[in-house]
Amino acid sequence: MKLIKGIIINPFEDFSVKLWQSGALAIEKGKIAECGNFKDLSNKFPNAEILDFQNSVIIPGLIDMHTHLPQFTAMGLGNGELISWLESYIFPLESKFTDEKFAREQSEIFFDRLLRRGTTSAVIYSAPHKLACDIAFEVAKEKKIRAFIGKTMMDKNSPKGLIATAEQNIADSIELAKKWHNDGKMQYVLTPRFAIACSAELMKMTAEVAALDGLFVQTHLSENLNEIAQVKKLFPDFSSYTEVYDKLGILTERTLLAHCVHLSDNEIEIIKRRDSIAVHCPASNKFLSSGIMPAKKYLKENVNLAIGSDVAGGYSQSLLNEAMEAVECSKLYSVLIEKQPILSPRESLCLATIKAAEHLKISDTVGNFASGKSADIAVFDLPDYLQADLLSEDEIISSIIYNIDNRIAKAVFIDGELYKSNNTRGYDEKL
Ligand code: GUN
Ligand code: ZN
């Protein structure tokens, strides 16, 4: 038994949190045994080893619901919008993942960077090559991160080295799913990139495989106005971008839709009817001048909502950063587009933890500190000029989310074990 001591924040599905200023997590065999007041738990477990993080804040491991492994070296590069940025920066980068050594090195750095920022679960696009996806799974497993990964599928309108036929894309995906789906903490996610790069045939086949094997599907939806115009041209018989996905069968309660920036009311209704999940990627939406998602409106209207870093459209692998961006973008939406209540830091933290777990249907295992869940834990220092005992619960949450001077976790535990970065420079180095 060990007790991890510090300021504990436990988020819940209803967007409430419970906070203990002098709290502790009792950990046994990789699981949360109990979460509560340090004094109570140390009396109850007098022989427990104590790891004292003093005034650091302890939260559940963060869950990134949308990111691209091959892209992280392009963070912050370029100034164009989606399509030209994909062509100039992203497709050339993804083409390099045919090189096995490069794919492994990049995967190792990618997962190390995620873990050091407190992300212990992530939903990921690998490069479009089967081997690169296989390597991504291997490295994720070695690192013990909980990973939902898919080989990016494209069969048209993209460079030759990145596309394959619909049949080949599906055959490769099935093979990868057979090897990796439900291998420990791994899940396979069918990954048609977006409607511009995928034929109707590929999307229909995706829907069939997803239904057969109960797999998640991830794609991009309604990110950029030029993208939407192109989809209209490519699929003239459909009344909207969302209807393309819906009529081809890929919208279910296991479908993650990144961006959802420019949806009509009718499209929002379709997503609600299908119980699919809209993934908010606020930093990326700013970086690529895509727009601002009406996140708070979606929440009010009971659209399933999550948060993703969308690296390298997003310029940080820190999900705390993304949670902050979500709050800031909700202010801009309210001021510039339509008056709305503001998304709170507390709501944003819940989206980045327990709500994501709920949408991935793994909330019996991760997402908060309920007894019996995996001890996936991230410890963050507050800025040293703050005195936590003078702050309210919401102020502590806000301080952690806005602590942009330090996005590296002080410590990260996966299944109760301290994550040791193989970056020999250690935790303090801002890799
Ligand atoms: N739409 C299709 N592919 C991508 C991608 O790689 N990044 C982003 N942000 N949007 C996309
Ligand atoms: Zn993306």
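In listed order, ligands and their atoms are each counted from 1. The structure displayed is predicted, hence computed values, not measured ones.
Contact annotation for Glu223 and ligand 1: only side-chain heavy atoms (C-beta onward) come within less than 4.0 Å of the ligand. With a 4.0 Å cut-off on non-hydrogen atoms, Asp310 touches ligand 1 through its side chain and not its backbone.
Remark: Lys101 engages Glu105 in a salt bridge, criterion side-chain N to carboxylate O under 4.0 Å. With respect to Asp415 and Lys144, no salt bridge is recorded, no charged nitrogen being found less than 4.0 Å from a carboxylate O. Between Arg104 and Glu138 there is a salt bridge, with a side-chain nitrogen of the basic residue lying less than 4.0 Å from a carboxylate oxygen of the acidic one. Using a 4.0 Å cut-off between a side-chain N of Lys or Arg and a carboxylate O of Asp or Glu, Lys178 and Glu175 do not qualify as a salt bridge. Ion pair Lys355/Glu358 flagged as a salt bridge, since at least one NZ, NE, NH1 or NH2 atom sits closer than 4.0 Å to an Asp/Glu carboxylate oxygen.
For His259, the closest heavy-atom approach to ligand 1 falls below 4.0 Å.
Using cut-offs of 30° and 60° for the angle between ring planes, the His220 and His68 rings count as parallel.
Checked against the Zn ion (ligand 2), the N, O or S atom of His68 at the shortest distance is NE2.
Here the angle at the Zn ion (ligand 2) defined by OD1 in Asp310 and NE2 in His220 stands at 160°, rounded to 10 degrees.
Among the atoms of Glu94, none of the N or O lies under 3.5 angstrom from an N or O of ligand 1.
Below 4.0 Å from some heavy atom of His68 lie the following atoms of ligand 1, by number and element: 5 (C), 6 (O), 7 (N). For ligand 1, the atoms lying closer than 4.0 Å to a non-hydrogen atom of Leu82 are 1 (N), 8 (C), 10 (N), 11 (C).
Counted by atom type alone, Ser290 and Asn224 present zero donor-acceptor pairs between their side chains at under 3.5 Å.
For atom 3 (N) of ligand 1, the closest heavy atom belonging to the protein is Arg193 NE, 2.8 Å.
For the Zn ion (ligand 2), the N/O/S atoms of His66 include one lying under 2.8 Å.
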